[in-house]
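Have a look at the structure below, then the notes.
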Amino acid sequence: MNTTTEFKYPHTYYTVEPRRIVELIAELLSELATRNDSNPAAVASLTRFHSRAVPKISILDYLNRIVKFSPIENEVLLAALVYIDRLCSYNPTFAITSLSIHRYLITAITVGSKVFCDSYWTNTQYAKLGGITLQELNILELEFSFLIRWDLVITPSIILNYYIGLLDKSPNFHLEESAAPEDSIKGLDSYDFLIIGLLPP
C-alpha cells in the first residue's frame with residue numbers, strides 16, 4: 001500500500017479529505033483481515049457477509065471506489081469501524097476476514113449513510129457500487145441490523161475517539177503538531193478502541 005508520512009492529519013476528522021480517512025481505515029482493516037485469516041476460529045465462523053473467494057479488488061481500492069463515486073462523509077467511513085466493534089461485542093464469534101470485509105464494508109456504509117446523512121443513496125445505487133445485487137444488500141442490511149441489535153447511533157465523540165485511535169495505532173500517519181482545539185479532545189482521557197474484532201489467538 002502506498003502511504004505518505006508527510007501528510008499531517010488535523011485533530012478534527014471532519015476537515016480531512018475522505019481519501020485520507022480511507023488510507024487510515026484500509027491499512028487497519030487489511031491488517032485485521034490478514035490476522036484473522038490465520039485464525040482457525042475466525043475462518044470457521046461463516047456469515048452472510050462471506051464470499052466464496054477473496055475479491056480481486058483490494059480493501060484500499062474498494063474504499064477509494066466508494067469515496068470516488070458516492071457522496072460519502074467521513075463520519076460514515078469511521079462508523080464502519082465502530083460497528084465492527086459493536087458486532088464483535090454482541091457476537092463473540094463474528095470476525096472480519098478477507099472473505100467478508102468487502103460485503104461488510106458496503107453494508108456498513110449503506111447503514112451508516114442512513115444514520116448520519118440527511119441525503120443518501122438508495123440501496124440499488126449502493127449495491128451497484130459495491131458489486132453485489134440489490135437482493136444481497138437488502139438481506140445483508142437486515143442481518144447487519146439484527147446482529148448489532150439495532151445499536152446504530154454513534155455520538156460525535158465516539159467517532160472522534162476512533163479517528164484519534166487510528167492515528168495513535170499507525171506508525172505511518174501522524175497528527176498535526178499544533179495544539180488540538182479544546183472541543184476536539186473532550187472525552188479522550190480513555191477512549192474505547194478495540195481494534196477491531198480480533199479474536200484471541
Side-chain angles (χ1 to χ4, degrees), residues 13 21-22 24-52 54-55 59 62-63 66 72-117 120 123 126-127 130 132 134-166 168-169 187-201:
Y13 61 84
I21 299 291
V22 162
L24 288 169
I25 292 173
E27 180 182 69
L28 173 67
L29 292 182
S30 296
E31 177 187 353
L32 171 66
T34 298
R35 290 181 62 181
N36 279 344
D37 286 346
S38 63
N39 187 322
V43 173
S45 180
L46 297 178
T47 69
R48 288 186 183 271
F49 299 96
H50 279 69
S51 305
R52 292 183 178 180
V54 176
I59 296 170
Y62 192 68
L63 283 171
I66 291 170
I72 198 76
E73 296 182 9
N74 290 344
E75 289 90 341
V76 176
L77 293 168
L78 292 164
L81 302 181
V82 182
Y83 289 150
I84 292 176
D85 278 348
R86 290 185 180 179
L87 282 169
C88 293
S89 176
Y90 292 131
N91 307 274
T93 61
F94 183 90
I96 291 295
T97 68
S98 295
L99 289 172
S100 63
I101 182 60
H102 294 77
R103 278 181 165 83
Y104 168 81
L105 281 171
I106 195 60
T107 306
I109 286 168
T110 300
V111 172
S113 294
K114 295 175 182 179
V115 172
F116 285 94
C117 304
Y120 50 83
N123 279 25
Y126 282 119
I132 60 177
L134 174 60
Q135 182 180 14
E136 281 182 291
L137 182 57
N138 288 342
I139 292 171
L140 290 173
E141 182 181 18
L142 187 59
E143 177 80 358
F144 180 98
S145 300
F146 277 112
L147 286 174
I148 208 169
R149 301 184 186 178
W150 300 91
D151 186 9
L152 300 171
V153 176
I154 307 171
T155 64
S157 62
I158 291 175
I159 295 291
L160 177 60
N161 289 346
Y162 273 70
Y163 169 66
I164 299 296
L166 276 171
D168 282 349
K169 284 187 169 289
L188 292 186
D189 291 338
S190 61
Y191 51 81
D192 295 325
F193 193 61
L194 303 184
I195 295 284
I196 285 178
L198 285 172
L199 292 173

pair [X]-[Y]: side-chain heavy atoms closer than 4.5 Å:
X	Y	value
Val115	Val76	no
Tyr104	Leu140	no
Leu166	Tyr162	no
Leu29	Ile84	yes
Leu24	Leu77	no
Tyr13	Ile164	no
Tyr126	Leu134	no
Ile109	Leu63	yes

Partners meeting side chain to side chain contact (heavy atoms under 4.5 Å, CB included) with Ser100 (sequence neighbours left out):
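For Ser100, the residues satisfying side chain to side chain contact (heavy atoms under 4.5 Å, CB included) (neighbours in sequence not counted) are Phe49, His50, Ile96, Thr97.
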What's the spacing between [X] [atom1] and [Y] [atom2] if we round to 0.5 Å?
X	Y	atom1	atom2	result
Leu78	Ile159	CG	CD1	5.5 Å
Glu27	Ile59	CD	CD1	11.5 Å
Leu99	Ser51	CG	OG	6.5 Å
Ile148	Asn91	CD1	CG	9.0 Å
Leu81	Ile25	CG	CD1	4.5 Å
Leu87	Leu147	CG	CG	6.0 Å

Which residue pairs satisfy the salt bridge (charged side-chain N to carboxylate O under 4.0 Å, His left out) criterion with at least one member in [range], sequence neighbours excluded?
range	result
residues 145-155	Arg86-Asp151
residues 98-110	Arg103-Glu136
residues 37-52	Arg48-Glu143

Tell me every residue that passes side-chain hydrogen bond (donor to acceptor under 3.5 Å, both in side chains) with Thr155, counting only those two or more places apart in sequence or in another chain.
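With neighbours one apart ignored, the set is Ser157.
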Could you list the residues that satisfy salt bridge (Lys or Arg N to Asp or Glu O under 4.0 Å) with Glu141, not counting sequence neighbours?
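In terms of salt bridge (Lys or Arg N to Asp or Glu O under 4.0 Å), with neighbours along the sequence ignored, Glu141 is linked to Lys114.
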Any residue meeting ring-ring contact (aromatic ring centres under 6.0 Å, His included) with [X], in chain and number order, not counting sequence neighbours:
X	answer
Tyr120	none
Tyr90	none
Tyr83	Phe144
Tyr62	His102

Between [X] (side chain) and [Y] (backbone), is there a donor-acceptor pair under 3.5 Å?
X	Y	result
Ser89	Asp85	no
Ser38	Arg35	yes
Asn123	Asn138	no

Give me the atom names and distance for the closest heavy-atom approach of Pro55 to Ser98.
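Nearest heavy atoms, Pro55 then Ser98: CD-O, 3.7 Å.
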Could you report the tightest heavy-atom contact between Leu137 and Ala127, atom names first, then the distance?
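Smallest heavy-atom distance, with atoms named: CD2-N, 3.5 Å.
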